[in-house]
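Report on the following structure.
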Amino acid sequence: MVQINSNYLKLKAGYLFPEIGRRVAAFKAEHPEAPIIRMGIGDVTEPLAPAVTQAMHRAVDDMARRETFQGYGPTEQGYLWLREKIAAQDFLARRAEVRADEIFVSDGSKCDTANILDILAQGANVIAVTDPVYPVYVDTNVMHGNTGPMSERGEYEGLVYLPTTAENGFVPPLPEGKVDLIYLCYPNNPTGAVATAATLKKFVDYARENDALILFDAAYEAYITNPAIPHSIYEIEGAREVAIEFRSFSKTAGFTGVRCAFIVIPKTLTGKAADGSRVDLHRLWSRRHSTKFNGVSYITQRGAEAVYSEEGRQQVRQTIDFYMENAAILRRTLTEIGFQVYGGGDAPYVWVKTPRGLSSWEFFDLLLGRFNVVGTPGSGFGAAGEGYFRLSAFNSRANVEEAMARLTRDAAALAE
Ligand SMILES: Cc1ncc(COP(=O)(O)O)c(C=O)c1O
């Protein structure tokens, strides 16, 4: 009989969002008229920039003519005209040294952050994640056989958890011992916190001293408004020796339904083979990528390219500003009615301390039942997220204002 990958059986039943869906569906069945506002899942709501859709229309026309038709791309790595613009505008313009041949265009950062484990040894690395954390990093390590079972506390044995809470200003401590792999995500999902250059430098130095690899997820970099905050880990000296960076067009340009992202693997990165020799990680990833992936569609890459045009940049910026104004409304209103509010200044997520010591799920039920507002319980992102709650700024202005008006009108119910 076929043997399965039993690591899957270690996974905690149900991912966070299905449980939210279940509770909302149960509530709706009982209260079909309730005007529910969803502020939970981090999906964008605004349409693509006109510069992007126009470029995609032109690309469709290219596909309709023999002379301009495109089959498989010239490389699985992505068209050079896209990678060159990424290198120039996302990195070199910020004095981060990344070259076009170090970029691999893909169909999403979720897949990239998961697939990167393919080129790393199974069960042989000590792995650190922040707590709370984007759940994909943890679950994919469980699937890959890099953890033991889940403990009573809801943590997987074998993983090193770096708690980020209000007490440490949402800045993760360095791992106490030696770890081999560290996942960092800034601006952070779920806390909305950002990493200063000093924080990143601390991690880069740790990684250099301990021969560790940093996986840096910058899916939300476009939301940084504070000019002092780095957008890329390669703005930090030494990062090219120790870090892989993940970027996505999903939140930057509303591509969650289009699918385009990229991964940067500097040619200066190495890992250790079983015989102790040093191996170039770029070469390994290139081998993996070209074997298991056939490239992102031409139409999509043309759309992504348009994000770097003059008008594309302006249009995309307008949409981000719109979401950040939503975040500002959330922060302002929640602070006024007495919440401790974090994040939301350089990220599209607001991280709220639940009132009266309520658990994350108790607060979820209160918001849903009393205010018909759906958010995300912080405990779903890790044990240290207990007692916190995430609200997303990805929504229409009308929904954000209505949700905040409901809370303001009945703020006493939150204090009871
Ligand atoms: C931190 C983080 N990384 C990656 C992703 C996934 O991005 P993509 O749509 O490119 O797969 C998300 C999506 O919510 C995210 O929050």
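We count residues from 1, following the sequence as given.
- The pair D61-R65 does not meet the salt-bridge criterion, since no charged nitrogen lies less than 4.0 angstrom from a carboxylate oxygen.
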Test side-chain contact (heavy atoms from CB on, under 4.5 Å) applied to L16 and T376, step by step = CA-CA 8 Å; L16 170 64; T376 314; 3.5 Å; yes
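- Judged by distance alone, the side chains of E245 and S232 do bring a donor and an acceptor atom under 3.5 Å apart.
- The aromatic rings of Y79 and W81 lie parallel to each other, their planes meeting at an angle below 30°, with 60° marking the opposite boundary.
- Taking the six-membered ring for Trp, Y137 and Y134 have ring centres closer than 6.0 Å.
- In this structure the side chain of I244 never reaches within 4.5 angstrom of the side chain of F216, judged on heavy atoms.
- When each of H289, R288, R287 is checked for a side chain to side chain donor-acceptor pair (under 3.5 Å) with T291, only R287 meets the rule.
- Inter-residue side-chain proximity for M150 and E155 is flagged as unmet; no heavy-atom pair is nearer than 4.5 Å.
- With a 4.5 Å cut-off on side-chain heavy atoms, V105 and Q301 count as touching.
- Between the side chain of D180 and the main chain of N125, no donor-acceptor pair closer than 3.5 Å is present.
- Geometrically, K10 does not engage Y156 in a cation-pi contact defined by less than 6.0 Å to the ring centre and at most 45° from the axis.
- Counted by atom type alone, S109 and D112 present zero donor-acceptor pairs between their side chains at under 3.5 Å.
- In this structure, I233 CD1 and K201 NZ are separated by 11.0 Å, a value rounded to the nearest 0.5 Å.
- Here S309 pairs with A51, E311 under the side chain to side chain contact (heavy atoms under 4.5 Å, CB included) rule; sequence neighbours left out.
- F91 is listed as a side-chain neighbour of I86, based on a closest heavy-atom distance under 4.5 Å.
- Residues that satisfy the ring-ring contact (aromatic ring centres under 6.0 Å, His included) test with F27, not counting sequence neighbours, are H31.
- With contacts defined as side-chain heavy-atom distances shorter than 4.5 Å, the pair F381/N189 qualifies.
- Between the CG atom in L281 and the CD1 atom in I119 there is a gap of 5.0 Å [rounded to 0.5 Å].
- Under the 4.5 Å side-chain criterion, counting only non-hydrogen atoms from C-beta, K202 is in contact with V171.
- Two rings, from Y223 and H231, have their centers 6.0 Å or more apart.
- Side chain to side chain, E386 and S360 meet the donor-acceptor criterion of an N or O pair below 3.5 Å.
- Using a 4.5 Å heavy-atom threshold, the side chains of I20 and F364 count as touching.
- The pair D321-R317 meets the salt-bridge criterion, since a charged nitrogen lies less than 4.0 angstrom from a carboxylate oxygen.
- Listed for the E46 side chain is no donor-acceptor partner under 3.5 Å among the backbone atoms of G254.
- For E176, the CD atom sits in a loose shell: 12 or fewer heavy atoms of surrounding residues, nucleotides or ligands are nearer than 6.0 Å.
- Ring geometry for W285 versus F104: interplanar angle over 60°, hence perpendicular rather than tilted (30 to 60°).
- Interatomic distance, CG of L358 versus CZ of F363, reported as 7.5 Å (0.5 Å rounding).
- Counted by atom type alone, D43 and T256 present one or more donor-acceptor pairs between their side chains at under 3.5 Å.
- When only modelled atom types and interatomic distance are considered, R406 and N372 share no side-chain donor-acceptor pair under 3.5 Å.
- Look at D217 and R247 and you find no salt bridge, because none of the NZ, NE, NH1 or NH2 atoms lies under 4.0 Å from a carboxylate O.
- Side-chain contact annotation: N141 with Y183, donor-acceptor N/O pair under 3.5 Å present.
- Annotation for K272: atom NZ does not count as buried by contact number, only 12 or fewer foreign heavy atoms lying within 6.0 Å.
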Show your working on side-chain contact (heavy atoms from CB on, under 4.5 Å) between L213 and V242 and close with a plain yes or no.
-> CA-CA 5 Å; L213 177 67; V242 291; 5.7 Å; no
Apply side-chain contact (heavy atoms from CB on, under 4.5 Å) to F339 and L414, showing your working.
-> CA-CA 10 Å; F339 283 94; L414 296 162; 3.7 Å; yes
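- Of the residues H282, R83, R240, the one that meets the side chain to side chain donor-acceptor pair (under 3.5 Å) test with E102 is R240.
- Side chains of T270 and D280: a donor-acceptor N/O pair is absent below 3.5 angstrom, by distance only.
- Here the closest heavy-atom approach between residue V316 and residue A253 is recorded as CG2-CB, 4.0 Å.
- By the 6.0 Å contact criterion, CD on E97 is open, its count of non-hydrogen atoms from other residues, nucleotides or ligands being 12 or less.
- No donor-acceptor pair under 3.5 Å is formed between the side chain of D365 and the backbone N or O of E362.
- In this structure, the separation between CZ on R58 and CE on M56 is 11.5 Å, given to the nearest 0.5 Å.
- If you check the side chains of T225 and D346, you find a donor sitting under 3.5 Å from an acceptor.
- Looking at Y388 and V352, their side chains never come closer than 4.5 Å, going by heavy atoms from C-beta outward.
- A donor-acceptor contact shorter than 3.5 Å links the side chain of R397 to the backbone of F322.
- In this structure, E325 places its CD atom where more than 12 heavy-atom neighbours from other residues, nucleotides or ligands lie under 6.0 Å away.
- The neighbour count for R95 CZ, taken as heavy atoms of other residues, nucleotides or ligands under 6.0 Å away, does not exceed 12.
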Decide side-chain contact (heavy atoms from CB on, under 4.5 Å) for F69 and D62; before the verdict, give the C-alpha distance in whole Å, the side-chain angles of both, and the deciding distance to 0.1 Å.
-> CA-CA 5 Å; F69 168 78; D62 287 346; over 6 Å; no
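- A donor and an acceptor atom, one from each side chain of R94 and Q89, are nowhere located under 3.5 Å apart.
- Side-chain atoms of Y220 and Y349 include a donor-acceptor pair closer than 3.5 Å.
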Worked check of ring pair (Phe, Tyr, Trp, His ring centres under 6.0 Å) between Y342 and F170 = CA-CA 9 Å; Y342 306 94; F170 301 97; 4.9 Å; yes
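- A donor-acceptor pair is defined here as one N or O able to donate and one able to accept, closer than 3.5 Å; such a pair exists between the side chain of T140 and the backbone of V136.
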